[in-house]
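Take a look at the structure below.
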Amino acid sequence: MKVSFEWLKELINIKDSADEVAHRLTMIGLEVEAMEQVNDDIVFEVNVTPNRPDCLSIVGIARELSAAYGVAYELPAHDIAAETGELNFNVDILDKELCNRYAGRIVRNVKICESPEWLKKRLEKCNIRPINNVVDATNYVLLEFGHPLHAFDLKTIKGNCIRIGTCRTVKGQAAKIKFKTLDGIEREMPDDSLLIWDAERPIAIAGIMGGIETEVSDYTTDIFIESAYFEPTNIRRTSKSIDLKTESSYRFERGTDIKMLKKALDRAAYLMKETADGEIYGKIDIYPKRYIPPKIQVRYERVNRVLGLKLAKKEILACINKLGLDIEEVDANTFKAKPPTYRRDLKRDADIIEEITRFYGYDRIPAELPKATIGIDSQESRVRGQESKIKNNIKESFLRSGFTEVINYSFMDAKDLDILNIAADDERRCLVDIRNPLRAEDAHMRTTLIPALIKNVIYNLSHGNRELRFFETGRVFINISQDKNSGLPLEKEHVGIIYYHEKSRTLYKDETQVFYIVKGIIEAIFNDLKIYDYSFKRSSEPFLHPGQSADIFIGDNKIGYAGIMSPAIVDILDIKAHRPFIAIAEIDIDRLVPYAMQVVQYRSLPKYPHIERDTALLVDVSLEASALMKWLRSYSSELIDDISIFDVYQGKNIPEGKKSIAFNVRYRASDRTLNDDEIDVVHKSLVAYISEKTKGQLRSS
Amino acid sequence: MEDLKQTFLDEIKSVEGLVDLSNLKIKYLGKKGIITAQLKKLSSIPPADRALFGKKINDIKQFMETEIDVLESRLKGEELKRQLLSDSIDVTLSGKFVSFGREHPINKTLSEITDIFVRMGFSVEEGPEIELDYYNFEALNIPKDHPARDMQDTFYVSPDIVLRTHTSPVQVRVMEKRKPPVRFIAPGKVYRCDADVTHTPMFHQIEGLMVDKGINFSNLKGVLVTFLHHMFGPDTPVRFRPSFFPFTEPSAEIDIGCIICNSSGCRVCKNSGWLEILGAGMVNPRVFEHVGYDPEEYSGFAFGMGIERIAMLKYSIDDIRLFYENDIRFLRQF
Ligand SMILES: [Zn+2]
C-alpha cells in the first residue's frame with residue numbers, strides 16, 4: 001500500500017525523518033518495502049499483512065505510529081456542522097448476517113467538476129485515477145480512513161429505497177442475475193452474492209463495485225453515499241467467483257471497522273460539501289448486528305514463558321497501553337484485554353502476546369540457544385537417515401561419473417508420452433492433472449523424468465553445448481491412490497540419466513559401446529551399495545533401441561531400465577544431425593533402497609592359493625552372456641571360486657553366425673592347496689558340461 | 001700379449017651397440033673365446049713361467065671385463081634414453097575424460113543448509129508434494145475463504161487436493177505421528193502459480209520445527225542466529241521484525257545485513273541494507289490443537305526459507321529462471 005509521508009504528518013506530529021519513520025514502521029511489522037520521492041513528498045510502499053486490514057489507510061498507519069512514538073494522532077475533519085433536512089429514504093437489510101451495518105447520507109445539488117489539485121495529487125500518489133469531485137471524495141476517504149464507500153446517483157435509484165440481500169433472499173429463490181458493473185462489463189452473479197438493490201433491481205455488488213446504471217455522471221446533482229459493513233467471507237467469495245478485485249473488495253474481505261464507517265461517511269459528505277458545494281441531508285444508520293469485541297484473558301506468566309523473558313506486570317502492560325485496548329486487571333496473575341473494533345484479528349491470548357512482543361521490540365529479546373534434550377532418534381528417523389544416505393551415495397556416484405545434476409519442473413506435457421510411444425495401459429499414463437496450469441504443456445505432473453532430460457539435451461545443443469551427461473533425482477507422480485483415506489496419488493523417487501555422445505568429437509577414441517558405459521556406471525553403483533542380486537534383461541520399453549536396451553532387475557523386481565534411445569525417436573526430436581549416441585536410464589530409487597539396507601558381514605580371506613583356467617568357446621551369436629553365466633554357475637563344484645567372461649570376439653577366423661566367448665574360472669579349496677592334475681579333471685568336465693549346454697565347441701588356441 | 005690388448009682396445013672402440021658388445025664379449029671371454037683358450041694353454045706352460053703367464057692372462061681378462069662392463073652400462077643408458085625419447089607424448093594435450101559432474105546450485109545450497117541444522121541435532125523429514133488442502137491450509141490455521149490464502153497462489157488437483165504451496169504441512173504430518181519433543185527440518189519442492197523474473201512455478205523450501213517443554217521466542221532467535229552465522233559468516237548482522245503467518249504467533253521475518261553491498265544499500269536490498277531471508281514464529285496454539293499437543297505443556301517454534309533466494313544471494317544470480325533452464329554453462333559454474 002502507498003502511504004504519503006506528507007499526508008501522514010497531517011494526522012500525527014512526528015519530527016523524525018522519512019527514513020527513521022520507515023524503519024520504525026518496519027520494526028513494528030509494517031514493512032516499508034520501498035520509498036519513492038514524489039515532488040516534495042515521499043511515498044512509502046508498505047507491506048500490510050492480511051491480518052491487519054486496519055492498517056490499510058493513512059489513519060491506520062498514524063494509529064500504529066502513535067502507539068510506537070507515544071504521540072497522539074488526530075482524525076481528519078468530519079464533523080457535519082448542519083444538516084439540511086429530512087431524508088425521505090428507506091434502507092432495509094435483508095441479510096443481516098452478510099451486512100451487519102448499513103449507513104447512508106444524501107448530498108444534494110452537487111456541482112460535478114474536477115477535484116482540487118491537492119486532492120487529485122494525493123489520489124495519484126496512491127495510484128488512484130481522479131474522476132470527478134464526488135467519486136474522488138469517496139476514494140479519498142477510502143485511502144484516508146480505510147473504509148470503502150460508494151456514491152450513487154440518487155435520481156437513478158428507483159423507489160427511494162435501498163435493500164441489501166442476496167438474490168435468494170430478495171427474490172425468494174435462486175435465479176440467474178446478470179449485472180453490468182461500472183467498468184461496462186456484464187457479469188453473471190452467483191446466487192449467494194450479496195447485492196445492493198433499489199425498489200426494482202440490483203444497483204451494486206456489495207463491497208466490490210457499483211452498477212453502471214446508477215453511476216455518478218457529469219449530470220448528476222444528488223448523491224446517495226453508502227457506508228456499510230459487509231461480512232468478509234461473502235465478499236471474498238463473490239470477488240473470486242466473478243474474478244473482480246477492487247480497492248473496496250480488498251478491504252472488505254479483510255475486514256473493515258464497523259465503528260469507523262459512520263465517521264468515514266461523514267468525512268465523505270464533508271468533502272463533497274467542500275469540493276462540490278453539496279447540501280448535506282440527514283443520515284440513515286441501520287445497525288442490526290452489533291459487534292462486541294471479546295475480552296481476552298492473558299496470564300503475565302505465559303507472556304514471559306512464550307518470550308523467554310522476565311518482565312514485570314507493569315512492563316508488560318506498558319507495551320500495549322497505547323493500542324486502544326481496554327485493559328482490565330483481573331488478579332495478581334491475569335489481565336483482560338478488550339480490543340478496539342478495528343482489531344478483529346485479536347482473538348486469543350497468543351494474539352495479545354504478539355502485540356506485547358511487537359511493542360516491546362523483537363530486537364530487545366535476547367538470542368539464546370535452547371537447553372535441548374538430546375534423545376535417541378526414533379526408529380523411523382533412523383531408517384530415514386539411512387535411506388537419505390543411500391540416496392546421497394547414488395547422487396554422488398553419478399556426479400563422480402561425470403553426470404551433472406539438473407532440476408526440472410515436476411510438470412509434464414501428455415504429448416511427451418506420445419513421443420515416447422508409451423502404451424495406453426502403461427502406469428505412466430495415469431496422470432495427475434492440474435486444474436489451473438500456467439501453460440497447457442504444464443497441465444500434468446510428470447510420471448517419468450525422461451522427457452525433461454531430453455529437453456535439457458535439446459536446449460543445450462541449441463546453445464552449442466556438446467558432450468552432455470545429465471542426471472536428475474526427483475519424484476514422479478502416478479495417479480493411483482496410495483492411501484484410500486487421503487486419496488493422494490502415488491509419489492515415487494526416481495533417478496533419470498541421459499548421456500549424449502558424439503563419436504567423432506572425442507580426442508581419444510574409445511570403442512566401448514555407450515550402452516556398456518552407462519551399464520557399467522549403474523553396476524558400479526549397485527556394487528557400491530552392496531547390491532549383488534541384480535540382472536539386466538532385454539527391455540521392451542517402446543522408446544529404447546530394442547537391440548541395445550535392458551530392464552534392470554534386483555531379484556525379481558524390475559527397478560528400471562537403461563538403453564540407447566530408439567533411432568525413431570532421435571528422428572522425431574531432430575537431433576540426429578550430429579549422429580549422436582543417446583543413452584538413457586531411469587531407476588525407481590524407492591524400490592532400490594530396501595535392497596541397499598543390508599548389514600555388511602565380514603567373510604574371512606582365503607587361506608589357500610587358487611588355480612585359474614581360461615577357456616574359449618565357439619557359440620551361436622545369439623547366445624547371451626547371461627545365459628552362459630547361468631549355465632556355468634549351474635555346474636556344481638565346491639571348488640569353483642569365481643567365474644568371469646573376459647573376451648567376446650566375432651569376425652576374422654570365426655565362422656559366420658558364431659562368436660567366441662572366453663571365460664575364466666578360478667578354483668580354490670578352503671582347506672588345502674589344489675594341484676593342477678586335480679583341476680584339469682574338474683575343468684575338463686566343466687567344459688564338457690558347458691559345451692553341451694551351449695551347443696558350443698571348444699575353440700582351439 | 002700386449003698385441004692382444006691393443007687389438008681388443010681397437011675392436012671395442014668400433015663397437016656400436018649392445019649386440020656388437022655381446023659379440024665382442026663372446027669372442028674374448030666366451031667359452032671358446034680367445035682368453036679362455038689362453039687360459040687353457042696354462043697347463044702346457046713350464047711351471048717356472050706359469051705363475052707369471054697366469055697373472056698376465058688374468059690381468060688382461062680383468063681389464064677386458066671392466067672395459068666391457070663400463071661400455072655395456074653406457075650403451076644401456078643410451079639405449080634407454082633413446083627408447084624414452086621415442087615413447088614421449090604431448091603432455092599438454094588434455095587428459096581423457098574424468099571431468100566430474102556438478103551438483104545443481106539449488107541442491108548444493110540445500111545440502112549446505114541441511115548440514116548446519118543436522119549438526120544442531122535436527123533430523124530430516126519429508127512429506128508429499130501433492131497434498132491435501134487440510135494439511136496445506138486448514139491445519140495451519142488458514143481456513144477456506146481466508147485472505148491469507150492470497151499470499152500463496154495455489155495449483156489445484158481437485159477441490160481438496162493441491163500442489164503444496166509450502167513445506168509447512170510436513171510440520172502437521174510429523175506432529176500427528178509423533179509425541180514431543182520433535183526437532184526436524186523438511187526440505188522439498190513447493191509450487192505456486194506464479195512466473196516472472198523473481199518467481200518460478202516450482203521452487204524449494206526448507207521448513208523447520210522444534211517443539212519441547214519450555215521452548216521460547218528467545219530460543220527461536222538463538223537457533224536462527226546460529227544458523228545464519230554458520231551460513232553467512234559470524235559477523236553478519238541479523239534483524240528480527242514482526243510479520244504474519246497464520247500458523248505462528250508471534251511471527252517474525254528475519255533479515256540479514258545485505259551481503260552484496262555490506263549493508264550500504266544497493267539494488268538487491270532496495271537500498272535498505274537488509275535482505276529478507278527467513279520467516280519464523282512461535283507455533284500458534286491452534287496448530288497444536290489440530291495435532292493434539294497440549295499448548296500449556298509444550299511450546300515450539302517453526303521457520304521456513306526459500307532456497308532459490310538464498311542461492312541467488314550467495315552466488316549473485318539475478319534471474320531465478322536460470323535454475324530451471326539447466327544450461328550446462330551455468331551448471332558447471334558451481
Ligand atoms: Zn545491498
Side-chain angles (χ1 to χ4, degrees), chain A residues 26-29 34 49-51 233 236-237 253-254 305-308 350-351 353-354 357-358 362-363 365-370 372-375 377 381 388 398-400 402-410 432 434-436 438 456 459-460 463 465 468-469 475 477 486 488-489 491 507-508, chain B residues 93-94 96-97 99-104 106-107 121 123-124 128-130 132 145 147-148 150-151 155-157 161 178 181 189 193 195 201-202 210 212 215-219 221-223 225-226 239-244 249-250 252 270 282 284-285 299 323-329 331-332:
Chain A
T26 298
M27 296 310 284
I28 56 170
T49 52
N51 60 325
T233 309
R236 182 173 163 79
R237 266 189 212 154
E253 70 174 33
R254 279 163 174 72
R305 189 142 54 95
V306 170
L307 300 183
D351 304 318
I353 294 171
E354 181 167 66
T357 323
R358 262 191 335 124
Y362 278 34
D363 272 0
I365 297 173
E368 206 172 280
L369 283 170
T373 33
I374 296 180
D377 281 351
S381 333
S388 74
F398 280 116
L399 288 171
R400 293 295 175 218
F403 287 80
T404 287
E405 187 181 35
V406 294
I407 302 180
N408 288 297
Y409 292 143
S410 305
V432 175
I434 297 163
R435 290 192 166 195
N436 54 334
L438 283 175
N456 295 148
Y459 177 91
N460 276 283
H463 287 78
N465 307 324
L468 304 164
R469 292 177 291 273
R475 294 192 195 166
F477 306 84
S486 71
L488 288 178
E491 297 185 15
L507 192 50
Y508 307 103
Chain B
L93 259 181
S94 57
K96 186 169 169 164
F97 138 70
S99 84
F100 296 155
R102 301 297 169 95
E103 191 175 17
H104 193 282
I106 291 298
N107 279 337
S123 66
V124 180
E129 289 174 27
I130 302 180
L132 292 176
D145 299 314
D150 281 353
M151 291 164 94
F155 283 115
Y156 280 90
V157 167
I161 298 178
R178 221 179 290 163
K189 289 174 180 155
C193 40
M202 181 188 91
M210 177 164 189
D212 202 346
I215 297 293
N216 55 45
F217 195 86
S218 174
N219 298 150
K221 287 187 71 171
V223 167
V225 167
T226 305
R239 159 176 110 164
F240 288 69
R241 57 185 166 78
S243 188
F244 167 72
E249 199 157 35
K270 292 183 194 153
M282 299 304 292
N284 194 320
S299 53
F323 290 125
Y324 299 102
E325 272 169 8
N326 294 306
D327 190 314
I328 190 84
R329 294 165 299 178
L331 298 173
R332 278 215 184 109

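Each chain gets a letter, A, B and so on, in the order its sequence line appears, and its residues count up from 1. Quantities reported herein were computed from a predicted structural model and do not represent experimental measurements.
Of the listed residues A/S388, A/A34, A/G29, the one with more heavy-atom pairs under 4.5 angstrom with chain B than any other is A/G29. Between chain A and the residues B/E325, B/R178, B/K189, B/M282, the largest count of heavy-atom pairs under 4.5 Å involves B/E325. Heavy-atom pairs under 4.5 Å with chain A were tallied for B/S218, B/S94, B/A195, B/P285; the largest tally goes to B/S218. For the set B/I106, B/I215, B/N107, the count of heavy-atom pairs under 4.5 angstrom toward chain A peaks at B/N107. Counting heavy-atom pairs closer than 4.5 Å to chain B, the top-ranked of the candidates A/I353, A/N51, A/V432, A/N408 is A/N51. Among A/L369, A/L468, A/T357, A/N456, the residue making the largest number of heavy-atom pairs under 4.5 Å with chain B is A/L369.
Across all their heavy atoms, A/I407 and B/N326 have their closest contact at O-ND2, 2.9 Å. Of all heavy-atom pairs spanning B/P242 and A/T26, the tightest one is CD-O, 4.1 Å. Of all the heavy atoms in A/E405 and B/H104, the pair that sits closest is OE1-N, 2.9 Å. Nearest heavy-atom pair, A/Y459 versus B/D327, reported as atom, atom and distance to 0.1 Å: CE2-OD2, 3.6 Å. The nearest pair of heavy atoms linking A/Y362 to B/F240 is CB-O, 3.3 Å.
Contact of B/I161 with chain A is made through the side chain alone, with heavy-atom distances under 4.5 Å. If you measure heavy-atom distances from A/S410 to chain B, the contacts under 4.5 Å come from both the backbone and the side chain. Using a 4.5 Å cut-off between heavy atoms, A/F403 touches chain B through its backbone atoms (N, CA, C, O) alone. Interface remark: B/S299 contributes no atoms to any contact with chain A (heavy atom separation under 4.5 Å). The contact between B/V223 and chain A is made by backbone and side chain atoms together, counting heavy-atom distances below 4.5 Å. With a threshold of 4.5 angstrom between heavy atoms, A/L307 approaches chain B through its backbone and through its side chain. For A/R236, the part lying near chain B is the side chain, with the backbone staying farther off; criterion is any non-hydrogen pair under 4.5 Å.
Counting only heavy atoms from C-beta outward, the side chains of B/D212 and A/P370 never approach each other to under 4.5 Å.
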